[in-house]
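Convention: sequence-line order gives letters A, B, ...; per-chain numbering from 1.
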Amino acid sequence: MIDIKDLRADPDKYVRAAADKAMAVDVPAIVELDRQVRDAQQSLQDLRTEQNAASKAIARLQGLDKQAAIAQMAELKTRVKAVSDTLAELEPRLHDQLLLVVQPAAPEVPIGKDESESVELRSVGEIPSFDFEPKDHMQLGEALGIIDMPRGVKLAGARNYVLKGAGVLLHQAVLRLGQEMIIRRGFTPMAVPVLVREQVMYGTGYFPTGRDQAYLAERDGLSLVGTAEVPLTALHSDEILDEAELPKKYCAMSACFRREAGAAGKDAYGLYRIHFFEKVEQVVVCRNDEAASVSYQQEILANAEALVQALNLPYRVVNVCTGDLGQGAVQKFDIETWMPSRNSYGETHSASRFHEFQARRLNLRYRDAEGKVQFCHTLNNTVVASPRILIPILELHQNADGSVTVPQALRPYMNGMERLTMDSH
RNA sequence: GGAGAGGUGGCUGAGUGGCCGAAAGCGACGGUUUGCUAAACCGUUAUAUGGGAUCAAACCCGUAUCGCGAGUUCGAAUCUCGCCCUCUCCGCCA
């Protein structure tokens, strides 16, 4: 949600924001609707003032005078009803429209229509070349007996998988490594609901626009989250925090569910784009300050880079262009990790800052040093998401004999296991 | 799932049709007193929004908000209906 006052003051800014992000929002229509709502509010307020004054007078009258005064109120009452009916129709419409308005991207975000126009900031680590014919993660996983795709599909349909034996250990090892690293860096671990109220989905900006990406438990009015960002960011919704307790730094390991509607046929192979996965997520809630947001975004980006480096994986950092930014993000840095089977970098992390966008929708505020209540800023980034991260781990650390070397950093979480081999499960 | 109780300001809690944006207490903040602290005393202490004033605030006037929504009424925290949520007991259960 953006600030309606700002929309009134500078509608063109929001027209441009929508164009840059290639989203359809009829800003002039919203401005006009807002004007109608405000007119109606003003007349309703005037009528109420009149009505309240008259009621107070009536309270002091007696007998015939009182009866006469009450009789005179009938007409006023009709007018109040008419105006409030109009308002009751207009206000929800305005509210629905405001949920669609696009948060402008920061000036340092490249303008572009899709990921091809995002800008690489740096690349870290060497892209290896193999002196044997490398296998992809599915070939490796099936041969090692740690990934079973057909049975995943049997149980739950396309884009589902089963991990087995050492595959499970590897999967859990990256998550545990991620969780420990992020806790060491000052984030408080949380265990949060992954089936949440719709309000929480709207509040974090995933609804209404991304509604068809979510699994719904309609009977109960709940939605499965696609990321722990949702419950973590909404944790303090409808609260007024003290500035002294900011920033809030939280992390959570959670199950993540994504319908991948509209992605039919895209990334259909392997563990890349799947309906269910697990992820350690980091969320920051900070004071309303651009510089603070920018610096926390660097911090959460660095946290994720440290993890990818610990796994010995080559990656690059991308300044995501406007066309690939979500509705609410001000700026987003993706970490893309090298995936030999794709012969390209694939997104494994996504660090976004939102300014007030989510905080306004969530009514997430704090009281500043002067006692003024302000909306917080929110940010989030992946720490690690698995099994997607298993793609580069398996493919980059494979050996000529089909075994896979376990990165040093994961061994403590795998009973010291150094290699995945045919009989390691 | 069955039965019952209840949702009022930062918290506790009073308030069954107008004098109620709401008693009282606690907490917090400011002040007086004091060698310092404590105590005592005095004062302040919700949010949103429209308008006025202002360089901007302070400030002034209005409107809305006592779980949410609808209704009755000239007038609703208070009466009616629907919904949501919480708690207690019983049942079931990881």
Side-chain angles (χ1 to χ4, degrees), chain A residues 1-9 30-99 191-203 207 216-224 231 234-246 248 254-255 288 356-357 359-376:
Chain A
M1 184 85 73
I2 49 81
D3 183 356
I4 181 112
K5 287 184 200 156
D6 197 49
L7 183 77
R8 278 172 207 143
I30 295 172
V31 171
E32 169 58 19
L33 186 56
D34 170 55
R35 197 192 54 76
Q36 290 176 19
V37 167
R38 291 212 292 162
D39 285 352
Q41 280 170 342
Q42 188 59 57
S43 29
L44 183 62
Q45 185 182 315
D46 292 345
L47 290 170
R48 286 258 159 82
T49 307
E50 206 178 319
Q51 195 175 41
N52 288 346
S55 288
K56 273 198 178 127
I58 286 171
R60 289 190 299 268
L61 295 175
Q62 292 295 326
L64 284 179
D65 285 348
K66 188 168 194 161
Q67 293 312 312
I70 288 174
Q72 280 183 354
M73 295 295 282
E75 191 255 354
L76 189 56
K77 200 183 175 185
T78 319
R79 280 158 62 203
V80 168
K81 173 99 174 100
V83 179
S84 64
D85 282 353
T86 306
L87 208 49
E89 192 263 327
L90 292 178
E91 272 185 325
R93 262 171 57 199
L94 178 61
H95 179 76
D96 288 350
Q97 289 300 303
L98 284 175
L99 288 175
V192 287
V194 294
L195 191 56
V196 301
R197 297 179 194 280
E198 295 225 334
Q199 204 49 49
V200 173
M201 298 299 283
Y202 278 99
F207 283 9
L216 304 178
E218 283 181 300
R219 184 167 63 172
D220 300 295
L222 299 171
S223 306
L224 283 168
L235 191 72
H236 295 292
S237 57
D238 291 318
E239 294 181 25
I240 300 176
L241 303 168
D242 285 332
E243 181 165 2
E245 49 182 325
L246 298 178
K248 294 280 192 187
S254 86
N288 193 314
E356 306 172 2
F357 184 81
R360 280 184 179 276
R361 290 175 167 237
L362 290 165
N363 198 26
L364 165 55
R365 297 168 296 169
Y366 70 99
R367 201 178 300 277
D368 69 17
E370 279 96 59
K372 213 174 135 219
V373 175
Q374 302 215 46
F375 288 106
C376 301

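Between the side chain of Gln42(A) and the base of G50(B), no donor-acceptor pair under 3.5 Å is found.
Searching all strands for a Watson-Crick or G-U wobble partner of G17(B) with both distances below 3.5 Å returns nothing. The pairing partner recorded for U47(B) is A64(B), the criterion being a Watson-Crick or G-U wobble arrangement whose two distances lie under 3.5 angstrom. Under the Watson-Crick or G-U wobble criterion, with both distances below 3.5 Å, A76(B) has no partner in any strand shown. Of all nucleotides present, only U88(B) satisfies the Watson-Crick or G-U wobble test against A3(B), with each distance under 3.5 Å. Pair assignment for A94(B): none, as no Watson-Crick or G-U wobble contacts are both less than 3.5 Å. Base pairing analysis places G30(B) opposite C42(B); the two distances defining the Watson-Crick or G-U wobble pair are each below 3.5 Å. Base-pair partner of A56(B): not found among the strands shown (Watson-Crick or G-U wobble, both distances under 3.5 Å). Summarising the base pairing, G25(B) is matched to C11(B) through a Watson-Crick or G-U wobble pair whose two defining distances lie under 3.5 Å.
Contacts of Gln51(A) with the nucleic acid, taken as non-hydrogen atoms under 4.0 Å apart, involve only primed sugar atoms and P, OP1 or OP2. When heavy atoms are screened at a 4.0 angstrom cut-off, Asp46(A) is found touching no nucleic acid atom at all. Residue contacts for Lys66(A): at a heavy-atom cut-off of 4.0 Å it reaches a base atom on one of the strands shown.
Taking atom CD1 on Ile58(A) and atom C1' on C74(B), their separation rounds to 4 Å, with Å as the unit. Distance Gln67(A) CD to G75(B) P: 14 Å, rounded to the nearest Å. Going from atom CZ of Arg360(A) over to atom P of U49(B) covers 9 Å, rounded to whole Å. At whole-Å resolution of the value, CZ in Arg48(A) and C1' in U73(B) are 14 Å apart. For the pair Glu91(A) CD and A48(B) P, the computed distance is 17 Å after rounding to whole Å. Atom pair Leu61(A):CG and C19(B):P shows a separation of 15 Å (rounding to whole Å applied). Rounded to whole angstrom, the span from the CD atom of Gln72(A) across to the C1' atom of G75(B) amounts to 16 Å. To the nearest angstrom, C1' of C61(B) lies 14 Å from CG of Asn52(A).
Counting all heavy atoms, side chain and backbone alike, Leu241(A) lies closest to Leu364(A) at CD1-CD1, 4.1 Å. Closest approach of Val83(A) to Ala40(A), counting heavy atoms only: CG1-O, 3.5 Å. The nearest pair of heavy atoms linking Val194(A) to Ala255(A) is CG1-O, 3.7 Å.
Tyr202(A) places no side-chain N or O within 3.5 Å of a backbone atom of Arg197(A) that could act as its donor or acceptor partner.
For Gln45(A), taking side-chain heavy atoms from C-beta onward, the closest of the listed nucleotides U63(B), C74(B), U47(B) is U63(B). Across G75(B), U63(B), G50(B), the shortest atom-to-atom separation from the side chain of Thr49(A) is found for U63(B). Distance from the side chain of Lys81(A) is smallest for G71(B) among the nucleotides C85(B), G18(B), G71(B).
Look at Lys56(A) and you won't find any side-chain N or O under 4.0 angstrom from OP1 or OP2 of G18(B).
In this structure, Gln41(A) and Leu44(A) both approach RNA chain B, and ranking their closest nucleotides by distance from the 5' end singles out Gln41(A). Comparing Ile70(A) and Glu50(A), the nucleotide of RNA chain B nearest to each residue sits closer to the 5' end for Glu50(A).
Taking the C1' atoms as reference points, A5(B) lies 40 Å from G43(B), given to the whole Å. Here the separation of U34(B) from C19(B), taken at their C1' atoms, is 43 Å to the nearest Å. Distance check on atom C1': C87(B) versus G50(B) gives 40 Å, rounded to whole Å. Taking atom P on both nucleotides, U44(B) is separated from G17(B) by 30 Å, rounded to a whole Å. The separation of U8(B) from U16(B), taken at their C1' atoms, amounts to 14 Å, rounded to a whole angstrom. Distance check on atom C1': C90(B) versus G75(B) gives 45 Å, rounded to whole Å. For the C1' atoms, the distance from A22(B) to A39(B) is 31 Å, rounded to whole Å. Here, C68(B) and A77(B) have their P atoms 12 Å apart, quoted to the whole Å.
Enclosure of atom CD in Glu218(A) is not indicated, since only 12 or fewer non-hydrogen atoms of other residues, nucleotides or ligands lie within 6.0 angstrom. Surrounding CD of Gln199(A) are at most 12 heavy atoms belonging to other residues, nucleotides or ligands under 6.0 Å away.
Screening Gln36(A), Gln41(A), Arg35(A), Gln42(A) against Asp39(A) for a side chain to side chain donor-acceptor pair (under 3.5 Å) leaves a single residue, Arg35(A).
Contact of the Met1(A) side chain with the His95(A) side chain is registered, since non-hydrogen atoms from C-beta on lie closer than 4.5 Å.
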